[in-house]
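I am attaching a structure below and will ask some questions about it afterwards.
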Amino acid sequence: MQKITPYLWFDDTAEEAANYYVNLFSNSKIKSIAHYPQAAEKVSGKTPGSVMTVEFQLEGQDFIALNGGKVPGFDFTPAMSLLVSCETQEEIDRLWDNLSAVPEAEQCGWLKDKYGVTWQIIPTVLSEMLSDSDQTKVERVTSAFLQMKKFDISKLKQAYEQQ
(Lines give C-alpha, C1' and ligand atoms only; values in the text may rest on other atoms or scores of the structure.)
Protein backbone atom coordinates (compact mmCIF):
# COMPACT_ATOMS: atom_id res chain seq x y z
CA MET A 1 0.00 0.00 0.00
CA GLN A 2 1.33 3.44 -0.86
CA LYS A 3 1.81 5.93 1.96
CA ILE A 4 -0.13 8.84 0.41
CA THR A 5 -3.33 8.39 -1.59
CA PRO A 6 -5.19 11.21 -3.37
CA TYR A 7 -8.79 11.31 -2.09
CA LEU A 8 -11.23 13.00 -4.47
CA TRP A 9 -14.59 14.36 -3.28
CA PHE A 10 -17.40 14.20 -5.83
CA ASP A 11 -21.03 15.18 -5.32
CA ASP A 12 -22.40 11.92 -6.71
CA THR A 13 -20.27 10.89 -9.72
CA ALA A 14 -17.37 9.07 -8.04
CA GLU A 15 -18.01 5.73 -9.75
CA GLU A 16 -18.64 7.34 -13.14
CA ALA A 17 -15.46 9.43 -12.89
CA ALA A 18 -13.32 6.51 -11.70
CA ASN A 19 -14.54 4.34 -14.58
CA TYR A 20 -13.88 7.17 -17.02
CA TYR A 21 -10.31 7.65 -15.78
CA VAL A 22 -9.59 3.91 -15.66
CA ASN A 23 -10.60 3.62 -19.31
CA LEU A 24 -8.19 6.43 -20.30
CA PHE A 25 -5.03 5.10 -18.68
CA SER A 26 -3.13 1.84 -19.09
CA ASN A 27 -2.30 -0.25 -16.04
CA SER A 28 -5.49 0.99 -14.38
CA LYS A 29 -8.38 -0.67 -12.60
CA ILE A 30 -11.24 -0.34 -10.15
CA LYS A 31 -10.05 -2.01 -6.95
CA SER A 32 -13.19 -1.87 -4.83
CA ILE A 33 -16.49 -0.10 -4.32
CA ALA A 34 -18.03 0.54 -0.91
CA HIS A 35 -21.67 1.45 -0.43
CA TYR A 36 -23.34 3.69 2.13
CA PRO A 37 -24.75 1.75 5.08
CA GLN A 38 -28.09 2.57 6.71
CA ALA A 39 -26.22 4.10 9.66
CA ALA A 40 -24.76 6.86 7.46
CA GLU A 41 -28.03 8.00 5.85
CA LYS A 42 -28.89 10.70 8.39
CA VAL A 43 -25.43 12.35 8.34
CA SER A 44 -24.58 11.85 4.66
CA GLY A 45 -28.01 12.27 3.12
CA LYS A 46 -27.12 9.34 0.88
CA THR A 47 -29.45 6.44 0.24
CA PRO A 48 -28.30 3.19 1.85
CA GLY A 49 -26.73 1.00 -0.81
CA SER A 50 -25.64 3.93 -3.00
CA VAL A 51 -21.95 4.18 -3.88
CA MET A 52 -19.91 5.75 -1.09
CA THR A 53 -16.28 5.26 -2.21
CA VAL A 54 -14.46 3.84 -5.19
CA GLU A 55 -10.87 2.72 -4.81
CA PHE A 56 -9.06 2.73 -8.14
CA GLN A 57 -5.63 2.80 -9.71
CA LEU A 58 -4.33 4.89 -12.61
CA GLU A 59 -0.98 3.77 -13.98
CA GLY A 60 -0.41 1.93 -10.70
CA GLN A 61 -1.17 5.03 -8.53
CA ASP A 62 -3.94 4.47 -5.99
CA PHE A 63 -6.83 6.93 -5.64
CA ILE A 64 -10.06 7.00 -3.69
CA ALA A 65 -13.18 8.77 -4.94
CA LEU A 66 -15.98 9.66 -2.53
CA ASN A 67 -19.59 10.53 -3.25
CA GLY A 68 -19.74 13.09 -0.47
CA GLY A 69 -22.57 15.24 -1.73
CA LYS A 70 -22.68 18.94 -2.41
CA VAL A 71 -20.90 20.78 0.39
CA PRO A 72 -19.96 24.47 0.04
CA GLY A 73 -16.20 24.80 -0.40
CA PHE A 74 -15.71 21.15 -1.31
CA ASP A 75 -15.16 21.80 -5.00
CA PHE A 76 -12.10 20.97 -7.06
CA THR A 77 -9.78 23.90 -7.77
CA PRO A 78 -6.68 24.30 -9.93
CA ALA A 79 -4.69 24.70 -6.70
CA MET A 80 -4.57 20.89 -6.65
CA SER A 81 -3.93 19.08 -9.92
CA LEU A 82 -2.94 15.67 -11.21
CA LEU A 83 0.21 15.79 -13.33
CA VAL A 84 0.59 13.23 -16.12
CA SER A 85 4.04 12.85 -17.67
CA CYS A 86 3.71 11.96 -21.35
CA GLU A 87 6.41 10.48 -23.55
CA THR A 88 4.81 11.25 -26.92
CA GLN A 89 2.69 13.83 -28.66
CA GLU A 90 0.15 11.10 -29.40
CA GLU A 91 -0.28 10.47 -25.68
CA ILE A 92 -0.64 14.20 -24.99
CA ASP A 93 -3.22 14.53 -27.78
CA ARG A 94 -5.24 11.48 -26.66
CA LEU A 95 -5.41 12.53 -23.01
CA TRP A 96 -6.09 16.16 -23.88
CA ASP A 97 -8.88 15.26 -26.27
CA ASN A 98 -10.51 13.00 -23.68
CA LEU A 99 -10.00 15.08 -20.54
CA SER A 100 -10.33 18.73 -21.52
CA ALA A 101 -13.89 19.96 -20.95
CA VAL A 102 -13.41 23.63 -20.03
CA PRO A 103 -11.48 25.41 -22.84
CA GLU A 104 -11.18 28.66 -20.87
CA ALA A 105 -9.27 26.76 -18.14
CA GLU A 106 -6.59 25.55 -20.56
CA GLN A 107 -3.10 27.00 -20.23
CA CYS A 108 0.46 25.67 -20.31
CA GLY A 109 -0.60 22.03 -20.22
CA TRP A 110 -3.31 22.56 -17.59
CA LEU A 111 -6.90 21.53 -18.23
CA LYS A 112 -10.10 20.87 -16.33
CA ASP A 113 -12.16 17.74 -16.97
CA LYS A 114 -15.94 17.30 -16.99
CA TYR A 115 -15.90 16.44 -13.27
CA GLY A 116 -13.99 19.61 -12.34
CA VAL A 117 -10.65 17.88 -11.69
CA THR A 118 -7.59 19.82 -12.90
CA TRP A 119 -4.90 17.91 -14.77
CA GLN A 120 -1.48 18.83 -16.11
CA ILE A 121 -0.65 16.95 -19.30
CA ILE A 122 3.09 17.50 -19.60
CA PRO A 123 5.74 16.09 -21.95
CA THR A 124 8.56 14.41 -20.02
CA VAL A 125 11.11 16.14 -22.25
CA LEU A 126 10.06 19.54 -20.84
CA SER A 127 11.77 18.90 -17.50
CA GLU A 128 15.04 18.08 -19.26
CA MET A 129 14.80 21.23 -21.38
CA LEU A 130 14.04 23.49 -18.40
CA SER A 131 16.94 22.12 -16.37
CA ASP A 132 19.51 22.72 -19.13
CA SER A 133 22.56 24.71 -18.04
CA ASP A 134 22.19 26.93 -21.14
CA GLN A 135 19.90 29.70 -19.85
CA THR A 136 19.21 30.90 -23.40
CA LYS A 137 17.63 27.53 -24.25
CA VAL A 138 15.58 27.64 -21.04
CA GLU A 139 14.33 31.14 -21.93
CA ARG A 140 13.33 30.09 -25.46
CA VAL A 141 11.50 26.96 -24.27
CA THR A 142 9.74 28.92 -21.52
CA SER A 143 8.65 31.60 -24.00
CA ALA A 144 7.34 28.89 -26.32
CA PHE A 145 5.34 26.96 -23.73
CA LEU A 146 3.82 30.07 -22.16
CA GLN A 147 1.99 30.61 -25.46
CA MET A 148 0.59 27.07 -25.52
CA LYS A 149 -2.56 25.57 -24.13
CA LYS A 150 -1.87 21.94 -25.05
CA PHE A 151 1.86 21.24 -25.24
CA ASP A 152 3.35 20.65 -28.67
CA ILE A 153 6.58 18.65 -28.32
CA SER A 154 7.82 19.53 -31.82
CA LYS A 155 7.48 23.27 -31.12
CA LEU A 156 9.23 22.88 -27.77
CA LYS A 157 12.10 21.00 -29.43
CA GLN A 158 12.26 23.63 -32.16
CA ALA A 159 12.60 26.41 -29.57
CA TYR A 160 15.18 24.37 -27.63
CA GLU A 161 17.35 23.57 -30.66
CA GLN A 162 17.10 27.00 -32.28
CA GLN A 163 20.51 28.53 -33.11
Side-chain angles (χ1 to χ4, degrees), residues 1-128 130-131 145-153 156:
M1 181 174 179
Q2 67 194 32
K3 186 97 168 158
I4 299 173
T5 302
Y7 197 95
L8 307 173
W9 182 297
F10 294 86
D11 294 346
D12 60 6
T13 57
E15 184 176 20
E16 177 185 321
N19 281 315
Y20 186 73
Y21 301 146
V22 163
N23 286 318
L24 281 178
F25 294 93
S26 303
N27 188 28
S28 300
K29 64 183 177 184
I30 301 293
K31 293 174 62 177
S32 68
I33 298 175
H35 297 87
Y36 275 101
Q38 180 79 38
E41 184 175 23
K42 185 175 181 180
V43 172
S44 70
K46 298 293 186 179
T47 305
S50 64
V51 172
M52 181 171 60
T53 59
V54 181
E55 293 185 42
F56 62 105
Q57 277 187 348
L58 302 178
E59 298 286 351
Q61 166 75 44
D62 289 335
F63 291 83
I64 299 174
L66 167 73
N67 278 332
K70 187 72 174 158
V71 175
F74 278 60
D75 299 314
F76 294 113
T77 77
M80 177 67 186
S81 62
L82 302 175
L83 187 143
V84 182
S85 298
C86 299
E87 295 294 327
T88 66
Q89 188 65 46
E90 293 76 23
E91 184 180 15
I92 289 171
D93 293 344
R94 182 181 64 78
L95 291 173
W96 196 274
D97 292 346
N98 283 285
L99 287 171
S100 183
V102 185
E104 57 274 11
E106 298 173 356
Q107 185 61 43
C108 299
W110 293 61
L111 62 81
K112 188 178 285 192
D113 73 18
K114 63 185 176 181
Y115 303 103
V117 176
T118 301
W119 298 78
Q120 294 182 61
I121 309 301
I122 308 296
T124 54
V125 70
L126 183 61
S127 178
E128 297 165 25
L130 294 176
S131 62
F145 85 67
L146 287 174
Q147 298 174 44
M148 297 178 185
K149 290 184 178 222
K150 176 177 69 173
F151 279 115
D152 183 323
I153 294 174
L156 292 172

Legend entry - Whether S131 side chain and E128 backbone form a donor-acceptor pair below 3.5 Å: yes

Legend entry - Minimum side-chain heavy-atom gap F145-L156 below 4.5 Å: yes

Legend entry - Closest non-hydrogen atom pair between V54 and A14, with its separation: CG2-C, 4.1 Å

Inset, instruction - Could you tell me the separation between the CD atom of E90 and the CG atom of L95, rounded to the nearest 0.5 Å? - result: 11.5 Å

Inset, instruction - Determine, stepwise, if the pair K70 / D75 fulfils side chain to side chain contact (heavy atoms under 4.5 Å, CB included). - result: CA-CA 8 Å; K70 187 72 174 158; D75 299 314; 3.1 Å; yes

Inset, instruction - Quick one: sort the W119 and F25 rings into parallel, tilted or perpendicular, breaks at 30° and 60°. - result: parallel

Inset, instruction - Look only at the side chain of N67 and the backbone of T13, and say whether a donor-acceptor pair between them is shorter than 3.5 Å. - result: yes

Inset, instruction - Supply the atom-to-atom distance I121 CD1 to F151 CZ, rounded to the nearest 0.5 angstrom. - result: 10.5 Å

Inset, instruction - Take F10 and V117 through the side chain to side chain contact (heavy atoms under 4.5 Å, CB included) test and state the conclusion after the steps. - result: CA-CA 10 Å; F10 294 86; V117 176; 4.3 Å; yes

Inset, instruction - Indicate yes or no for a side-chain donor-acceptor contact from Q57 to the backbone of V22 under 3.5 Å, with no hydrogens or angles considered. - result: no

Legend entry - OH-CG distance between Y115 and D11, expressed to the nearest 0.5 angstrom: 12.5 Å

Inset, instruction - Check M80 against T118 and note the closest heavy-atom contact, atom names and distance. - result: O-CB, 4.0 Å

Inset, instruction - Could you tell me whether I4 atom CD1 has more than 12 heavy atoms of other residues or ligands within 6.0 Å of it? - result: no

Inset, instruction - With side chain to side chain contact (heavy atoms under 4.5 Å, CB included) as the test, would you mind laying out the steps for D152 and Q89 before giving the verdict? - result: CA-CA 7 Å; D152 183 323; Q89 188 65 46; 4.2 Å; yes

Legend entry - Over all atoms of both residues, closest heavy-atom pair of F56 and A18: CD2-CB, 3.7 Å

Legend entry - Atom of F76, atom of G116 and distance for their closest heavy-atom approach: CB-O, 3.0 Å

Legend entry - From CD (Q120) to OG (S85), nearest 0.5 Å: 9.5 Å

Inset, instruction - Any pair with a residue in residues 51-69 that passes salt bridge (Lys or Arg N to Asp or Glu O under 4.0 Å), sequence neighbours left out, goes on the list, sorted by first then second residue, please. - result: K31-D62

Legend entry - Euclidean distance, W110 CH2 relative to L83 CG, rounded to 0.5 Å: 8.5 Å

Legend entry - Carboxylate-amine/guanidinium contact D12 K46, below 4.0 Å: no

Inset, instruction - Could you tell me whether the side chain of W96 and the main chain of G109 form a donor-acceptor pair under 3.5 Å? - result: no

Inset, instruction - Return yes if some donor-acceptor pair links the side-chain N/O of S50 with the main-chain N/O of P48 below 3.5 Å, else return no. - result: no

Legend entry - Atom pair CG/CG of L111 and L99 - distance to nearest 0.5 Å: 5.5 Å

Legend entry - Student check: side-chain heavy atoms of P6 and Q61 closer than 4.5 Å: yes

Legend entry - Pair Y20, D113: side-chain N/O donor-acceptor within cut-off below 3.5 Å: no

